[in-house]
Q: 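Encoded as structure tokens, here's the structure I'll be asking about.
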Amino acid sequence: SGRDVDFAHPAFHSGAEVLVYSRTALPTPPPNVKVVTDESASVRRLVHHLKRAGRGSIAIEAGPSTALELYAAPLGVDALYLSVVEGEVPATVVGGRFLGEEALTARFARRSPWIAREEFGRRWRFCRYFNA
């Protein structure tokens with residue numbers, strides 16, 4: 001929503017160009033931060049905005065609830081880099097349910113093999129789905 005953006009955060013002072021896409025008007029940002037207000041903000045609308053602005057490659061890191069709309073027809077992404085943690089996950093960090101293997105296979109043209117590794121004391125699996 002943008003309502004909790006803290007412009008004192010170091011991410012806004014790295015010297016990089018930053019875009020904040022928000023449903024609500026925000027206080028005056030630092031000079032390198034552009035704020036785009038869209039009352040109907042969604043991740044799909046953000047991707048469309050960035051493409052219209054001439055951005056060629058767009059990377060989005062988001063949880064299942066936020067990203068889910070990108071996988072509805074028409075597909076809103078060219079690739080999906082999926083990471084899955086195995087085992088118990090605390091309820092405080094569980095988001096919405098994501099698409100299953102069958103639904104992802106139906107939406108994407110191909111998938112890489114799964115790679116598993118231990119990280120942060122947990123077993124993770126990673127793979128990539130490609131639209132072309």
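Positions are given from 1, in the same order as the sequence printed here. Every heavy atom of this structure was used, including side-chain atoms; hydrogens, water molecules and symmetry mates were not.
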Q: How far apart are the closest heavy atoms of Pro30 and His13, and which atoms are they?
A: CG-CE1, 3.9 Å

Q: Quick check on Arg125: does its CZ atom have over 12 non-hydrogen neighbours (other residues, nucleotides or ligands) under 6.0 Å away?
A: yes

Q: Got more than 12 heavy atoms from elsewhere within 6.0 Å of CD, Glu86?
A: yes

Q: CZ of Arg23 to OG of Ser42: how many Å apart, nearest 0.5 Å?
A: 8.0 Å

Q: Which heavy atom of Arg55 sits nearest a heavy atom of Glu17, and at what distance?
A: NH2-OE2, 2.9 Å

Q: When you measure from the side chain of Arg128 to the backbone N and O of Ser112, does any donor-acceptor pair fall under 3.5 Å?
A: no

Q: Kindly compute the distance separating NE2 (His48) from CG (Asp38), expressed to the nearest 0.5 Å.
A: 10.5 Å

Q: Output the distance between atom CG (Leu70) and atom CG (Leu80), rounded to the nearest 0.5 Å.
A: 9.5 Å

Q: Check Thr66 against Val43 and note the closest heavy-atom contact, atom names and distance.
A: O-CG1, 3.2 Å

Q: Classify the ring geometry between His9 and Phe12 as parallel (under 30°), tilted (30 to 60°) or perpendicular (over 60°).
A: perpendicular

Q: Can you name the closest pair of heavy atoms from Ala116 and Arg123 and give their distance?
A: CB-NH2, 3.3 Å

Q: Rounded to the nearest 0.5 Å, what's the gap from CZ on Phe7 to OG1 on Thr28? Could you check?
A: 8.5 Å

Q: Mark yes or no for whether Arg122, through its side chain, and Val85, through its backbone, hold a donor-acceptor pair below 3.5 Å.
A: no

Q: Within a 6.0 Å radius of atom CD on Glu101, are there more than 12 heavy atoms belonging to other residues, nucleotides or ligands?
A: yes

Q: Verify the cluster assignment for Leu68 and Val84: are they in a single hydrophobic cluster under the rule of side-chain heavy atoms below 4.5 Å apart?
A: yes

Q: Answer yes or no: does atom CD of Glu118 have more than 12 heavy-atom neighbours from other residues, nucleotides or ligands under 6.0 Å?
A: yes

Q: Is Arg117 atom CZ crowded by more than 12 heavy atoms from other residues, nucleotides or ligands, each under 6.0 Å away?
A: no

Q: Indicate yes or no: at least one non-hydrogen side-chain atom of Leu50 is less than 4.5 angstrom from one of Leu19.
A: yes

Q: Please determine whether residues Phe130 and Ile115 belong to a single hydrophobic cluster, defined as Ile, Leu, Val, Met, Phe, Trp and Tyr linked transitively by side-chain heavy-atom distances below 4.5 Å.
A: no

Q: When clusters are formed by joining ILVMFWY residues with side-chain heavy atoms under 4.5 Å apart, either directly or through shared neighbours, do Phe126 and Tyr81 land in the same one?
A: no

Q: Let me confirm one number: the OG1-OH distance from Thr105 to Tyr129, rounded to the nearest 0.5 Å.
A: 5.0 Å

Q: Side chains of Phe98 and Leu82, heavy atoms from C-beta outward: is any pair under 4.5 Å?
A: yes

Q: Would you name the heavy atoms of Cys127 and Pro113 that are closest together and state the gap between them?
A: CB-O, 3.9 Å

Q: Going from CG on Asn131 to CZ on Arg107, what distance comes out if it is rounded to the nearest 0.5 angstrom?
A: 12.0 Å

